[in-house]
Structure formats: structure tokens, C-alpha cells
Amino acid sequence: MSRDERRGPTDHALGMDRPITRRDFVQGVAAGSAAALGAALWPAGAPAEVPAAAQDAPGYYPPRLTGLRGSHPGSFEAAHAFRDGAPVPAVQALEEDYDVVVVGAGLSGLSAAQFYLERVPAARVLLLDNHDDFGGHAKRNEFDLGGRLGLLNGGTLLIDSPRPYSAVPDRLLRTLGIDVDALAKATQHPEFYEGLGLKTGLFFDRDTFGADHLAAGYRDRPWGEFLAGAPLSDAAKRDVERLETGGADYWPGESSSDKKRRLMKMSYRDYLRDVVRVDPAVLALYQSRTQGEWGVGIDAVSALDCWGFDLPGFKGLNLAPGSIPGMGFTPAGYADTGGSTRLHFPDGNATIARALVRRLIPAAVPGTTIEDLVTARVDSARLDRARQPVRLRLSSTVVGVHHDGTPAGAERVTVTYLRDGRAFTVRARHCVLACYNMMIPYMVPELPAAQREALHALVKTPLVYTNVAVRNWRPWATLGVRQIYAPGCYHTSAQLNYTVDIGAYASPRSPDQPTLIRMTRTPCKPGLPEHEQNKAGRAELLATPFEVFEREIRAQLGRMLGPGGFDPAADITAITVNRWPHGYAPENNSLFDPDVPEFERAHVRGRARFGRIAIANSDSGGGAYTDVAIEQAHRAVTELLSA
């Protein structure tokens, strides 16, 4: 949705002048050359001593920050400058020698540290992360909701995978005290909003469909009743009902396998347009349905993958259950097994990251149980102390990992990182790179050319998780909705925060209480190949200031919820935009990726051990899930210690 200035409300009416946190920050490097940017980031003549660390300052606590988070200002500029050729400043060699340095303190990096210590209990471990907080994508956002703690995920949403958790991640969770099945039964209350009569809503926006209209009760009411006031033609309404409720066998006489192979090589958009033959307005209605899962619309996802994800239009084909070779990682898993148990902590999988840190550095995280962990406050000053066996150093961007000799014969690696405009080195027996894989060729230039090429081929999916604090959720109750799909809007979905109670944390039960709204945006450019859409979306995110996000958020919520009494100027109390230009790990896409065996795929070729350097992270597993990140951490550590 592009805001229509002529018809839209003024900035004052939207509340753009209200006193909430704002960061008008544009990440563009066109203002100067890489060398000039490097000079600004790394000033000449910087003193040689290690500067005082921000994470050691009293009151340092990133989860409370609002504005632009995720890949926040200050977390990536040094890496981009280094990538673009900016020189590294004079390096200070620290008197620090470790058994392993882990690059990246996300779930894969933290798991790698844990697995290493299980094998080498007396090991000295250093984790380095470019962000101002640990967790990688598994970050948490905290809000003060009228004196009550409000939590939402800033990245990874929940424990959920296309297949049941395998032995390694399942054992790790149990080691951390996380019994997924028991916690899911005890803490989750998905029936709460349903008990109030709140349904899924579908918002037709005027820029796409000609008029603003919110319909409540998607798939819960007769289609004629649900679509009665929708700005669609009668023909389009009939096509929606036909698509959702039935459908013919469009290829009679063909086997289920043959039909699946057909579907695997056509997009869902092409299937709806050319096979089901729906009205063009129906294509617009479903265009964004796949964005939340894949980051691109139905033009860039195969029809077979959409069948595996239970999208409508396939009933008449009578397809046999189960996947076939070539399906994407996510839909194939769901088609085969139905997926894992689902569990959402109030802060998403940030709870897993915090549980790992508490096990690695007990003094930094108070408490002993998962229940008390949710409301515990991390003491960041205890993360990086000299005499403890595990140290976690934030705001530290690694730009070089080199063997001290040949990869086959070296006994040590040297790791170079940038912090506060200065460069430092540490040494270690081993290094696990649990960072974004596309940065590794720049960090380890001695890698074989074929491996560098494979790592460069991994293009991550950009996405935005926006969390909005509001004074109450009475408008949602008035309109009878708990979540809204908005296919033509800036954010394609919005929903009330999950109802979860755990330990001292309790979700609001009255519509008159403050709460949080979760919104998602996946910038893409329909019509391009998937990875070209990813690149275009990433560029857009990095060039979008917080002011634009805020205006779009306020305008969209006002249009959707205004008929229920929502006032964007008065009702919004805080906004956190979790911007992830490098979001989901890439998965196989049968429309664009070569049809090759698993061992020939880029993520497998790219993760090969290189001397004393191993590569982890979900990028290396070809699936954007927490269990994949944990499995890859285990593989990387096993490779190093078995070599």
C-alpha cells in the first residue's frame, strides 16, 4: 500500500508528532566510496588500547530499545565497508588464546559453543557478534504496557519445523530444560480469542481493490455471507468460493506423481490463472499469501509447494499424500510428517538463546528454570569477563579468519574483528563460522574458488517483523477479529499478540488492557526470479528510514481498525521495527534452482570444513528453522574435533 497523500490523513492525525522513539536513519553507501566510508568508520590514529565496551556500561539492555532493530544501525556498516574494499585499520593483537572462537552468537553459534564444551569441558570459548545483543535472529522486544511487561519476538517466532525435531536439537532443548510438549500444553492458549468470537479478517484496500473493506470470519462463515460487502465483482466472488471449496480435476487420467511434477514446474500464480482460470482480482487477493513463509508472492513459489502448504485449489486433483523429490524443504516436510510440535515463548525463540547463554555464562542470567528465564534480565556486563571460560563479545564484526600456516598443517587460526572503529586479533585452535554465509568468502579469502562461489550463491530472504504497543485492543474486539490478512498493504498481516502465560508472565485478558500488535512485511518485486526479488527487497529495506515505516504503520492500522474506534495518534504508544535485510535462510525452489542431488546444492558445497575452520548456521542446512541451525552447529563442531 502506497499512502495516497491526497486522500490520506495528515501526519498530525496519524500521530507522527507524538513522543515515541524515532530513528531517521537511511543506510545507503552511495554518499561516498568504500574507502571514504571506511575512513569514517575507522578513524586514523585511533589509540591502541582496547576501548571500554558499551555492553559493560550500567543499564545496558538492548531488548528495551525501540525504533529500528533487527539489523540495527551500527550492526552492519563495517561489514559492508569491508566487503566493498575499505582498508582495515592497524590491528592490535590481544593476548587472548582460545580453544574455539565462534563467529556469530545466534542460535547456531550459541549451540556450537555448547556442543564444543560438551566434547571439551575445559575449553576456553569466545563468541563474537556484530549486533548489540546476542541471539542472531532470535531477538526479543520488551515493552512497558502500563506497568506490565510486554514481550514479542524480534525475529524467530517459535519452535516449529516441517519435520519433528531430530535427536540432536531435541536433546539440546531438554538439556536446557525445555520440554516442548509439556510447555505447549501448559502455556499456550490459542483458544482464548476464539472464545471471544474473534476471527481471521481479510482487508481489501482501496489501492488494490477500489475500496477499503474489512471482512471478518475468513473460512468461518458461508462464502456468500463473508464476501457480501467485498469490493469484488460477482464473477470474482464466485471464483473465490470455487477455489476455496472445490475445484475440478484439471488433468484427468494423469497419475498423482505426474500431476505433482507438473505443479512443481509452474508457479501458483500461473496455476490459478492458466489452469483454474480465476478472475484477475482473485490473483491480487492471493498474491501475498506465500510472503510470510517464503518472502515472495505466488508468482515465485511453485504450485506444488503451495499444495504442500495447504493453499486452496487442489482438492479436485486428488493428489496422494506425501512429497516428491524436488519439493521445497518446508512444504515437503509438512506433506510427509505434518511438522513438529509448535511452541511460542512470549519472546519467540529468544528464550532458547537466553537459555543457552545462561548455561554457558551462568552469572549473566539469573534464575534456574525456563519459567523464571522469561522475565529475567540479562546482566550484559558479565558476558565478557577475563577469567571466565566462555566470553561473549558484542558489537564485534569479524573481517578475517586466517590459518597460522597452511590449512593442512596449521595449529592455530587468527581471527580479526572490528569494534568501535578499531581492529583486534585473537587466536584459537578452532573457529566456527556461525554467521551469514555470504560474508564468509570475504572473511576467509583463502577458501577454494568453488567453495567461495557456492557461499556467494546463498541469497537470504529480507523481511520485517514490526511490533506495535497500543493502549488497548477494544477495536479488535469490536470488529470481531484477532488477525488480519491484508494482501495489498505495506504490511501484509497484523495480529493481536499471542496469549501465553508462563512463570510470572501473563497475557492481557481484557480488551481494555494495553497489548502488542504483531505485523509482518516481506518486500519483494513480483515478476522477477526469487533471488532477484530478495536483492531488490534488501536494497529497499536498507534505504527506508524509520519515519516511512512509522507513517505506513499508523496509516494502515487506522484504515483497517478505524471503524472499530482505533485512533493511530492516540492509541499507539511504541513501535519497534525489526528489519532483517538478510532474513530467512534460502531453501530449494524448483522454479529457479537446478534439479541436482542434495550433495551438489550450494549450501552443502559451501559448508565444507576448511582446515581448522568449520561453517554452521541454518544457511548451511538449506532450511530457515531453529532445529536446522542447531543441527548445523553440531555438524561443524563434530567435523573440527574429529579432524
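The model shown is predicted, which means the values in this text are computed figures rather than measured ones.
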Measure the shortest side-chain to side-chain distance between T576 and F143 over non-hydrogen atoms and say whether it is less than 4.5 angstrom.
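Yes, side chains in contact.
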
Find out whether F549 and Y490 are in side-chain contact, i.e. whether some heavy atom of one side chain is under 4.5 Å from a heavy atom of the other.
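F549 reaches Y490 side chain to side chain.
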
[Y]/[X] salt bridge by N-O under 4.0 Å criterion:
X	Y	result
D619	K460	yes
E552	R554	no
D132	R69	yes
K525	E532	no
R521	E540	yes

Residues [X] and [Y]: side-chain donor-acceptor under 3.5 angstrom:
X	Y	result
Q556	D205	no
Q483	S493	no
N617	S620	no

Centre-to-centre under 6.0 Å for [X] and [Y], is that the case here?
X	Y	value
Y271	F314	yes
Y218	W223	yes
Y465	H137	no

May I ask you to decide if the ring planes of [X] and [Y] are parallel, tilted or perpendicular, using 30° and 60° as cut-offs?
X	Y	value
F309	Y334	perpendicular
F329	Y625	tilted
F192	W473	perpendicular

